[in-house]
2 protein chains.
Amino acid sequence: MFKHMDTDAPTLGLRERKKQKTRDTIIKVALDLFAERGYEQTTIADIADAADVSPRTIFAYFPSKEDIVFYDLAEVQARLAAALRNRPEGTTALDALGDFIAASLEGDSQQVQRRCVIKADEGLQRGKRARLAPLEELMIGAIVEDLDAGPGDIRPQIVASAVGAAFSSIHDENGPPESNTPEHAKAVIEDVMAFLRGGLEALRQR
Amino acid sequence: MFKHMDTDAPTLGLRERKKQKTRDTIIKVALDLFAERGYEQTTIADIADAADVSPRTIFAYFPSKEDIVFYDLAEVQARLAAALRNRPEGTTALDALGDFIAASLEGDSQQVQRRCVIKADEGLQRGKRARLAPLEELMIGAIVEDLDAGPGDIRPQIVASAVGAAFSSIHDENGPPESNTPEHAKAVIEDVMAFLRGGLEALRQR
DNA sequence: AGCAAGTTTGCAGACCGTGCAGTTATACGC
DNA sequence: GCGTATAACTGCACGGTCTGCAAACTTGCT
């Protein structure tokens, strides 16, 4: 009956919807608990209780406790890959990266909560850094093509790590409150882009 | 008798020497085992057996299994701090960083082995990234002073992360063998420095 | 209804890491 | 030298993460 309605809302089967809901629940209760009493002080059993599932089930959804916190990493990664792949002809990878960061400024309340949780825990800050690596790899790949860089060329690594630093810096919302506005973020992005273009130009003149 | 020979070799007491030896032994056998059968496949019990100590003792020397691999991080950190603190008047923090990286090119065979071990394990690569953070913090501090940067200024983060990337890149010995010579490394450092100076200059002209 | 496939669960177990208390080795004053 | 204070080592028990496995359960489809 619904078999022929494959328009754009796939009307995911009950199974899929339930699964998604379970996943969302786990994320939500976990972040709430982490925010309330800290990441280390919250056990998998606590989360399982609050989400009304078995502890074992949590590991069916997330490979590790930390992965609950970074629940949307795969999605971000996919979006970044798409942004680099589908950028308009004639724009540089650097341009695409700037746009991507600017576009990723909005964050729902869950993501805000997540940032607090990460900021409150040493291990999670490490985890965040570590999980930035695949994103930088994506950037490096695109920049290598963009600059037609050879294997010994270090420019892609420099640029990618700098963009990563800018990304972190903008999302970290340290400093005074006025540095937390979209305008300020855009200004920072502009600065970073100018810096990197200047650096690339300096190398070009050697 | 030897009590009066306190020239420059402090002749650490037996206790201290033994402790140092135990630490060295643990590091050595651990790295050997990691290299032989992999980091994950080696348990603390294995290391304890091979080092002829109790498993419990290992945690008296290293806070975690990973810390065995990064046994010299504290020393590197101290050296970096000293290099930034004691740099000759008139040289920039960037100059000091370039010199520091150039000076840290030699590595004994244990450090080479360590790099192999890290390269072979996903988790250790993450750990390495995470442990770079305090070094970058040191750099950031020095660069902030150097540039007289305000709290909202992102230049220190950019520069530090780029230097960190260069540091990693040089130590990672990927690519062809000819890219693994000190000459090549120095050339890379020169490039990075030129890049960063160019970037800073570009921002200065705004 | 009933079968196939996917999901959830409990159980047992490996491993990391910590607190504690007892034992052993070193250092130091006499 | 000798005894005592001090530091290191050790064993033990425990809490926590994460995995493999097989049994129970739910969903999708005919």
Side-chain angles (χ1 to χ4, degrees), chain A residues 1-6 10-27 29-30 33-34 37-71 117 121-124 126-127 130, chain B residues 1-4 6 10-27 29-30 33-34 37-71 121-124 126-127 130:
Chain A
M1 198 204 266
F2 285 100
K3 219 181 281 182
H4 306 142
M5 289 188 59
D6 51 4
T11 313
L12 266 45
L14 173 58
R15 211 169 226 166
E16 295 298 321
R17 271 181 289 134
K18 214 168 183 177
K19 218 174 151 179
Q20 193 58 49
K21 190 176 172 185
T22 303
R23 194 184 131 92
D24 290 346
T25 304
I26 293 173
I27 293 169
V29 303
L33 288 172
F34 293 160
R37 65 172 104 146
Y39 177 74
E40 294 277 1
Q41 280 64 47
T42 307
T43 71
I44 293 288
D46 293 334
I47 301 168
D49 272 355
D52 212 50
V53 293
S54 148
R56 192 69 187 77
T57 297
I58 296 194
F59 291 107
Y61 283 87
F62 301 94
S64 80
K65 189 181 168 187
E66 231 186 60
D67 283 286
I68 303 176
V69 176
F70 300 104
Y71 62 92
V117 169
D121 185 271
E122 180 82 21
L124 288 179
R126 285 188 171 194
Chain B
M1 196 205 267
F2 285 99
K3 218 180 283 182
H4 305 143
D6 51 4
T11 312
L12 265 46
L14 175 58
R15 211 171 225 168
E16 294 300 320
R17 271 182 290 133
K18 216 166 181 177
K19 216 174 152 180
Q20 194 57 50
K21 190 175 172 183
T22 303
R23 194 184 132 93
D24 291 346
T25 304
I26 293 173
I27 293 169
V29 304
L33 288 172
F34 293 160
R37 65 173 101 149
Y39 177 76
E40 295 278 1
Q41 280 64 47
T42 306
T43 71
I44 293 288
D46 293 334
I47 301 168
D49 273 355
D52 212 49
V53 292
S54 150
R56 194 67 188 76
T57 298
I58 295 191
F59 290 109
Y61 284 87
F62 301 94
S64 80
K65 188 180 167 187
E66 230 185 62
D67 283 286
I68 304 175
V69 177
F70 300 103
Y71 61 92
D121 185 90
E122 181 81 22
L124 288 180
R126 285 188 172 192

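Just so it is clear, the structure is predicted and the values come from calculations on it, not from any experiment. To find a chain, count down the sequence lines: A is the first, B the second, and so on, and within it residues start at 1. Heavy-atom basis, side chains included; hydrogens, waters and symmetry copies ignored.
B:Y61 and B:T22 make their closest contact through OH-CB, 3.6 Å (heavy atoms, listed as atom of the first residue, atom of the second, distance). For the pair A:A48 and A:S54, the tightest heavy-atom approach, listed with the atom from each and the gap, is CB-C, 3.9 Å. The shortest non-hydrogen separation linking A:A51 to A:V29 is CB-CG2, 3.7 Å.
Protein atom CD of B:E16 is 16 Å distant from nucleotide atom P of D:dT6, rounded to whole Å. The CD-P distance, from B:Q41 to C:dC16, rounds to 11 Å in whole Å. In this structure, CG of B:D67 is placed 14 Å from P of C:dC16, rounded to the nearest angstrom. Atom pair B:Y39:OH and C:dC15:C1' shows a separation of 12 Å (rounding to whole Å applied). Rounded to an integer number of Å, the gap from B:K19 NZ to C:dA25 P is 18 Å. Nucleotide D:dC9 holds its C1' atom 17 Å from the CZ atom of B:R23, rounded to whole Å. Rounded to a whole Å, the CG atom of B:D49 is 17 Å from the P atom of D:dC9. Rounded to an integer number of Å, the gap from A:R15 CZ to D:dT27 P is 8 Å.
Note on B:Y61: a side-chain N or O is less than 4.0 Å away from OP1 or OP2 of D:dC9. Between A:K18 and the phosphate of D:dT27, there is a side-chain N or O to OP1/OP2 separation shorter than 4.0 Å. Using a 4.0 Å cut-off, some side-chain N or O of B:T57 falls inside it from OP1 or OP2 of D:dT10. When the side-chain nitrogen and oxygen atoms of B:S54 are compared with OP1 and OP2 of D:dC9, none of them lie within a distance under 4.0 Å.
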| query | What does nucleotides 13-21 of chain D look like as a protein-contact string, B for base, S for sugar-phosphate only, - for none, at under 4.0 angstrom between heavy atoms? | reply | ---SSBBBB
| said: Using the rule given for side chain to side chain contact (heavy atoms under 4.5 Å, CB included), can you reason through A:Y71 versus A:I26, listing the C-alpha separation, both sets of side-chain angles and the distance that settles it, and then say yes or no? | reply: CA-CA 10 Å; A:Y71 62 92; A:I26 293 173; over 6 Å; no
| Trace of the side chain to side chain contact (heavy atoms under 4.5 Å, CB included) decision for B:T25 with B:V53 | CA-CA 10 Å; B:T25 304; B:V53 292; over 6 Å; no
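Shown here are the side-chain hydrogen bond (donor to acceptor under 3.5 Å, both in side chains) partners of A:D46, two or more places apart in sequence or in another chain: A:R37, A:T43.
Side-chain contact between A:S64 and A:D67: present, with at least one pair of heavy atoms (C-beta onward) separated by less than 4.5 Å.
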